[in-house]
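This report refers to the structure that appears directly beneath it.
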Amino acid sequence: MQSGEDLNQDFRPETEAGGLTIRLDVFQGPLDLLLHLIKREEVDIWNIPIARITEQYLEYLEIMKELNINVAAEWLVMASTLIFIKSRMLLPREPAPENAEETEDDPRTELVYQLLEHQKFKNAAEMLFTREEVENAVWNRPPDEVLEDGGDVIAVTLFDLLRAFQEVVRRFESQRVMEVAQEEVTIEQKIEDIRKCFLVHDQLQFSSFFTAASSKRYIIVTFLALLELVRLREIWLFQQQVFEEIQVSRIKESA
Amino acid sequence: MQAVMEAIIYVAEEPVKAEQFQEVFPEESPEAIRRALAELLESFNARPGGMWIREVAGGYRMTTRPEHHEQIRAYLKTRPGAKLSMAALETLAVIAYKQPVTLAEILAIRGKKSSSSLQTLLERKLVCILGRKEVVGRPILYGTSREFLIHFGLNSLADLPTLEEFAQMAGDQL
Amino acid sequence: MQAVMEAIIYVAEEPVKAEQFQEVFPEESPEAIRRALAELLESFNARPGGMWIREVAGGYRMTTRPEHHEQIRAYLKTRPGAKLSMAALETLAVIAYKQPVTLAEILAIRGKKSSSSLQTLLERKLVCILGRKEVVGRPILYGTSREFLIHFGLNSLADLPTLEEFAQMAGDQL
C-alpha cells in the first residue's frame with residue numbers, strides 16, 4: 001500500500017535479473033510524482049512554486065534515464081507541460097481587470113485540477129483496498145456436491161491467450177542479453193512457417209513458437225500470425241487444465 | 001421457511017436474490033418472502049456463530065465472520081490471496097465512479113496508460129464491457145461487474161462512498 | 001471457541017477431525033476441545049436451521065438437512081446465475097462471432113463435439129435457430145438471441161469486441 005507517507009521513501013528502483021529491467025515501485029505515473037513532490041515540499045496546491053517543482057521533476061527524469069528506466073511518453077509530456085507553465089509564469093502579467101477572479105489567468109490552474117482529480121481517485125482506490133482487506137478475511141465455501149463439474153477440456157479465452165503471450169514476453173525480456181539485429185520477418189512469412197510446422201506436427205506447445213525469438217518484434221509477429229491462423233480456422237488453442245501449458249493444434253480438414 | 005432459506009443461501013455459489021426464493025416458494029407473497037428473509041438475517045446474525053448472512057450484490061450470501069480469519073487461515077494453511085496492485089485499484093476506482101467509461105477517458109484521469117491494469121481487471125471479471133461509445137472509432141465502454149460488488153462486499157454501487165467525500169479528502173491532503 | 005470451530009467446519013472441504021482443531025487451538029487440552037465440539041453439535045443441531053453438523057468418517061461435517069432437499073433442488077434448477085461451463089462459453093463465442101453457423105461448422109472451429117453445449121445454450125435461450133442452410137442435409141443455422149445481448153449488456157452485435165482490439169491491448173503494454 002502506498003499511502004502518502006510511504007511515498008517519502010523516494011525511489012525504490014528494483015533491479016531484475018540481468019540488471020536490464022528496472023521497475024518503478026513507488027511512482028506509478030507523472031501525476032503521482034508531482035503529488036509526491038508537492039506533499040514533500042509542503043507547499044500550497046493553489047500556489048505551487050512551479051520553478052522548483054519543475055526542477056525536481058526533471059531531476060527525477062534524469063535519475064530514471066541513468067537507471068535505464070524506459071521513460072514512457074506521458075512523463076515527457078508532463079515535463080513539457082511544466083516547462084510551458086514555468087515560462088508563462090515568467091511573462092509579465094497583464095494587470096487584471098477589476099472584479100476578475102485572481103486565479104482565472106493562472107497557467108497552473110488546469111494542472112491543479114488534474115492533480116486534485118487524481119488524488120480523489122487515489123483516495124477512492126485506498127477505500128477499495130481497505131474493503132478488499134476485509135473481504136479477504138471471509139470465506140464462502142458452498143458444499144462440493146453442489147458445484148457444477150467443469151467438463152473435460154477447458155477452452156482458452158482471449159484473456160488466457162493474452163496472458164500466455166505476456167508471459168512469453170516477460171520471459172524473453174528477462175533472458176535477453178542483447179537485441180541482435182535480425183532479418184525482419186513479416187506476418188505473411190510467419191504464417192507460412194507455422195503452416196509448414198503443422199505439415200509435420202499435429203500439435204505443438206504454444207511456448208515452442210517463441211523459443212527461437214530474438215527480438216520483441218519477432219514475438220509480436222509470431223503472436224499475430226497465430227491469431228490470424230486461429231481466425232482462418234486452421235489451428236485452435238486449448239488447455240487440458242486451467243493454468244496448464246496452452247497447446248496449439250491443427251484443425252483437420254473434414255472430408 | 002427460514003430454515004429452507006438458510007439452507008439455500010448455504011449451498012448457493014452466488015448471492016441469492018429474493019426473486020429466486022419466490023420461485024422456490026411460489027405460493028408465498030413477495031411481501032412474506034421479504035419479511036421471512038429479514039427475520040432470518042436478524043436471528044442468524046444475532047447468534048454467536050461462525051458464519052453470517054450478508055446482503056451482497058443485491059442478494060443474500062453466507063460467509064465466515066471476519067473476526068475469525070486468523071484461525072480459519074491457520075486451518076486452511078492459506079496465505080492472503082493475490083491482491084490487486086495499487087495501479088489496478090486506481091483504474092478500478094475510475095471505472096467504478098465514471099462508468100460507462102472508455103480507455104482514453106481512464107488515461108486522461110490517471111495521466112498514464114492503463115491497458116495492462118484494465119486487462120487484469122477484465123481477467124478477474126471485476127470489470128466488464130458495457131458496449132461502445134457512439135463517437136469516432138466507437139471505443140469500448142467499460143463498467144464494473146456483479147463480481148466487483150461481491151469482491152468488495154457491496155450490495156449495490158450506491159453503497160460506495162460518494163466521490164465528493166474523496167474530493168473533500170483530497171482538498172484536505174494537499 | 002465454538003464459533004471458530006463452526007466457521008472451520010463450514011469452510012472445510014473434508015470432515016474436520018478433532019486433532020485438526022488441536023492445531024488451531026494449541027493451547028487447549030484435547031479434553032477441552034472434545035467438550036467444545038460436543039457442545040457445538042448440541043447447540044447447532046438444536047436450532048431450527050437449514051444446516052446441521054454431523055460426525056462423518058471420524059470428523060465433523062456441515063451439510064444441509066435432508067428434509068429440505070426438494071426445495072434446494074428446486075432452487076438449483078432455477079438459479080439464473082449458474083455459470084456456463086468453459087465448453088459452453090466457447091461454443092457461444094463461436095456462434096456469436098460466426099453466425100449464422102451450423103453445428104458442423106462449430107465442430108470444425110472448436111475441434112470437438114459441441115452438441116451438449118449447444119443444448120445448454122438453447123435451453124438458456126442464449127442461442128436461437130435462424131433457419132436452415134441451403135446445402136445437402138439442410139443443417140440448422142444457429143445464432144445468438146436477444147437474450148444473449150441482454151445477458152452480455154450489448155446494444156447490438158456490432159458492440160462485440162474484435163480480435164484486433166484485444167491484440168491492440170497486448171501491444172500497448174510493450
Side-chain angles (χ1 to χ4, degrees), chain B residues 1-17 19-26 40 43-44 47-51 57 59 62-65 67-72 74-77 103 113-116 118-119 122 128-132 134 138-141 143 145-146, chain C residues 1-13 16 20-21 23-26 40 43-44 47-52 62-65 67-83 149 152-156 158-162 165-166 168-174:
Chain B
M1 179 155 66
Q2 270 105 331
V4 175
M5 287 174 159
E6 184 184 306
I8 288 175
I9 295 169
Y10 166 68
V11 300
E13 282 166 78
E14 300 267 317
V16 190
K17 290 186 200 299
E19 305 85 83
Q20 291 177 271
F21 288 112
Q22 190 70 65
E23 291 183 46
V24 178
F25 301 107
L40 169 64
S43 67
F44 192 85
R47 54 183 282 280
M51 294 89 71
M62 190 180 293
T63 66
T64 58
R65 290 175 195 244
E67 59 262 40
H68 303 141
H69 75 102
E70 260 175 62
Q71 289 101 325
I72 297 171
Y75 165 75
L76 292 171
K77 297 189 173 66
L103 190 55
K113 283 218 174 121
S114 310
S115 43
S116 76
L118 183 64
Q119 195 193 326
L122 283 163
C128 56
I129 293 169
L130 295 180
R132 285 175 188 278
E134 292 307 334
R138 301 187 75 238
I140 293 179
L141 285 165
S145 64
R146 209 170 106 81
Chain C
M1 181 155 66
Q2 271 103 330
V4 176
M5 287 174 157
E6 184 184 308
I8 288 176
I9 296 169
Y10 165 74
V11 299
E13 276 169 273
V16 190
Q20 291 176 279
F21 287 113
E23 289 178 43
V24 179
F25 301 106
L40 169 65
S43 69
F44 193 84
R47 52 184 285 279
M51 296 89 72
W52 58 346
M62 191 178 291
T63 65
T64 55
R65 292 178 193 240
E67 62 262 38
H68 304 139
H69 259 180
E70 237 170 86
Q71 287 105 323
I72 294 171
R73 217 172 289 273
Y75 158 73
L76 291 175
K77 263 189 204 152
T78 58
R79 66 191 159 154
K83 287 177 198 143
L149 294 177
F152 289 92
L154 300 165
N155 235 336
S156 76
D159 289 346
L160 278 172
T162 64
E165 279 165 329
F166 285 128
Q168 176 64 42
M169 273 179 61
D172 275 357
Q173 290 173 263
L174 300 173

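Reminder, nothing fancy here: chain letters follow the sequence lines and each chain counts from 1. We use all heavy atoms of the structure for the numbers below, so side chains are in, but hydrogens, waters and symmetry mates are not.
In plain terms, the two heavy atoms of Gln71(B) and Val4(C) that are nearest each other are CB-CG1, 3.5 Å. Counting all heavy atoms, side chain and backbone alike, Ala74(C) lies closest to Val24(B) at C-CG2, 4.4 Å.
Heavy-atom pairs under 4.5 Å with chain C peak, among Arg138(B), Glu19(B), Glu6(B), at Glu6(B). Contact tally against chain C (heavy-atom pairs below 4.5 Å) for Glu67(B), Arg47(B), Met5(B): the top residue is Arg47(B).
Looking at Leu76(B), the atoms closer than 4.5 Å to chain C (heavy atoms on both sides) all sit in the side chain, from C-beta outward. Only the backbone of Thr63(B) comes within less than 4.5 Å of a heavy atom in chain C; its side chain stays farther off. There is no contact between Arg65(C) and chain B, counting heavy-atom distances below 4.5 Å. For a residue to count as touching a neighbouring chain, one of its non-hydrogen atoms must lie under 4.5 Å from one of that chain's; by this rule Phe21(C) does not touch chain B.
Within a 6.0 Å radius of CD in Glu70(C), no more than 12 heavy atoms belonging to other residues, nucleotides or ligands are found.
Residues forming a side-chain contact (heavy atoms from CB on, under 4.5 Å) with Ala3(B) (at least two apart in sequence, or on another chain): His68(C). Applying the side chain to side chain donor-acceptor pair (under 3.5 Å) rule to Glu23(C) yields the partners Lys77(B); only residues at least two apart in sequence or on another chain are considered.
Within the 3.5 Å criterion, the main-chain N or O of Met62(C) finds a donor-acceptor partner in the side chain of Tyr10(B).
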